[in-house]
There are 2 protein chains.
Amino acid sequence: MPKTLEPVESRQDFISIGEAAERAGITQRTLRYWEDLGLLKPPARVSGGQRLYSRDDLARIDQILRMKKLLGFSLSEIKLAVESEEAKQVICKDLKHERSRARRLKQLEESAGITERQLRMVEEKIKQMQVMKKELTCDLSSLNERIAELREGVQGTV
Amino acid sequence: MPKTLEPVESRQDFISIGEAAERAGITQRTLRYWEDLGLLKPPARVSGGQRLYSRDDLARIDQILRMKKLLGFSLSEIKLAVESEEAKQVICKDLKHERSRARRLKQLEESAGITERQLRMVEEKIKQMQVMKKELTCDLSSLNERIAELREGVQGTV
DNA sequence: TGTAACCTTGACGTAAACGTTAAGTCGCGG
DNA sequence: CCGCGACTTAACGTTTACGTCAAGGTTACA
């Protein structure tokens with residue numbers, strides 16, 4: 001159900017697709033595409049049909065971008081992650097409504113599993129990138145050494 | 001010039017494309033494709049025309065894989081990085097041949113510049129990934145807290 | 001010496017992630 | 001109330017990074 005504006009929220013709190021795209025540094029097409037794939041939940045619309053993005057929507061967009069650029073996830077992988085995020089929020093709301101505990105527990109655990117896998121992956125990546133960093137640092141300092149040697153005309157010292 | 005076997009090197013030191021691909025966890029097609037794009041320098045060949053990959057080649061392949069998977073680089077970006085790596089090695093060899101000092105100095109500096117840019121990028125990524133790690137850790141512990149609550153039947157404590 | 005397993009190039013196919021264009025609708029300042 | 005820019009959906013095009021044959025050459029081994 002693509003919701004319309006809720007009474008308490010002002011039109012000021014929302015921005016058009018053009019502005020949202022510009023702020024995120026992507027195209028309108030990309031936003032619509034992500035929506036089609038289910039990465040973004042259908043945003044609010046004005047009566048005429050134009051999309052209105054909320055602060056939450058923008059945060060989600062940023063999150064997706066980070067997963068793409070930092071972790072190199074495909075959109076389908078991101079969808080999984082986003083769905084678990086979704087589940088988390090639904091669960092938090094549902095906690096009020098006091099329903100089937102076993103079911104909620106299962107969802108919570110599933111969500112935690114996904115989050116944990118992501119965490120492990122991030123940790124692994126950080127480790128490997130620190131190795132790369134060390135290598136690059138090494139390379140760089142040996143290059144700088146050579147440069148210094150050359151500058152001082154001490155070319156023969158290999 | 002796709003070189004042939006050099007006298008000092010034994011055939012044992014080289015492996016076929018099939019084995020190289022298997023070791024790297026990629027396909028033969030991918031190796032040939034990378035070679036076409038100029039990511040890999042043309043490897044040695046046996047007289048019959050079949051490729052022979054050296055230890056250096058394998059190292060290069062690993063390097064490319066890390067750039068792809070860790071940094072999320074496109075192949076064209078990787079090509080740039082690899083070319084600068086190439087340049088570095090050429091320069092190191094040339095250092096013996098004692099040629100125009102000014103020119104070598106310039107190349108060394110260019111090489112250092114590229115390496116430094118790469119280093120900065122890696123550092124930036126590490127930073128951002130540490131932020132993600134923190135967020136995920138936070139998420140996870142709050143999830144686990146809720147799970148514990150539910151398990152002990154203390155559902156009301158929001 | 002044959003033959004099965006491996007390799008070669010070349011060409012065409014494909015999935016993902018959008019780009020681009022078309023044809024029409026909406027919203028708002030003058 | 002009109003015109004212009006921003007928006008809508010739909011459809012087709014494009015790029016990247018390979019996958020997948022096809023048709024033949026090479027190598028190793030019984």
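Order of the sequence lines sets the chain letters (A, B, ...), proteins ahead of strands, with each chain counted from 1. Heavy atoms only: backbone and side chains are in, while hydrogens, waters and symmetry mates are out. These figures come from a predicted structure and were not determined experimentally.
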For the pair A:D57 and A:S54, evaluate side-chain hydrogen bond (donor to acceptor under 3.5 Å, both in side chains) and give the outcome as yes or no after the intermediate values.
CA-CA 5 Å; A:D57 293 331; A:S54 69; 3.2 Å; yes

Do B:L39 and B:Y33 pass the side-chain contact (heavy atoms from CB on, under 4.5 Å) test, and can you show the C-alpha distance, the side-chain angles, and the key distance before you say yes or no?
CA-CA 9 Å; B:L39 282 176; B:Y33 181 58; over 6 Å; no

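In this structure, CG of A:L39 is placed 11 Å from C1' of C:dA17, rounded to the nearest angstrom. For the pair A:E19 CD and D:dC7 C1', the computed distance is 14 Å after rounding to whole Å. Between the CG atom of A:L40 and the P atom of C:dA17 there is a distance of 14 Å, given to the nearest Å. Taking atom CG on A:L37 and atom C1' on C:dA15, their separation rounds to 12 Å, with Å as the unit. Atom P of nucleotide D:dG19 and atom CG of B:L31 are separated by 10 Å, given to the nearest angstrom. If you measure from atom CD of B:E35 to atom C1' of D:dC18, you get 15 Å, rounded to the nearest angstrom.
Of the charged side-chain nitrogens involved, at least one lies within less than 4.0 Å of a carboxylate oxygen, so that B:E35 and B:R51 count as a salt-bridged pair. Salt bridge B:E86/B:R60: present, at least one basic N to carboxylate O contact under 4.0 Å. Ion pairing between a basic and an acidic side chain is recognised when a charged N comes within 4.0 Å of a carboxylate O; B:R66 and A:E135 show such pairing. Ionic pairing of A:E109 and B:R151 is present here: one or more N-O contacts between side-chain nitrogen and carboxylate oxygen are shorter than 4.0 angstrom.
Each of D:dG19, C:dA17, D:dT8 was ranked by its minimum atom distance to the side chain of A:R32; first place goes to D:dT8. Looking at the side chain of A:Y33, the nearest of the listed nucleotides C:dG27, C:dG19, C:dA17 is C:dA17.
Remark on DNA chain D: of its neighbouring residues A:R29 and A:G49, the 5'-side contact belongs to A:G49, judged by nearest-heavy-atom nucleotide. Comparing A:S47 and A:T27 against DNA chain C, the residue whose closest nucleotide sits nearer the 5' end is A:T27.
Close to C:dT9, at under 4.0 Å from its OP1 or OP2, lies a side-chain N or O of B:R45. Side-chain nitrogen and oxygen atoms of A:T30 include at least one within less than 4.0 Å of the OP1 or OP2 phosphate oxygen of C:dG19.
Note that CD1 of B:I15 and CZ of B:R23 are 4.0 Å apart. Values are rounded to the nearest 0.5 Å. Taken to the nearest 0.5 Å, the CD atom of B:E85 stands 10.5 Å off from the CD1 atom of B:I64.
With B:E124 as the fixed residue, the side chain to side chain donor-acceptor pair (under 3.5 Å) test singles out one of B:K127, B:Q128, B:R120: B:Q128.
For the segment residues 59-74 of chain B, the set of residues with a heavy atom within less than 4.0 Å of an atom of DNA chain C is empty.
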What nitrogen or oxygen pairs link the protein and nucleotides 3-6 of chain D at under 3.5 Å?
none

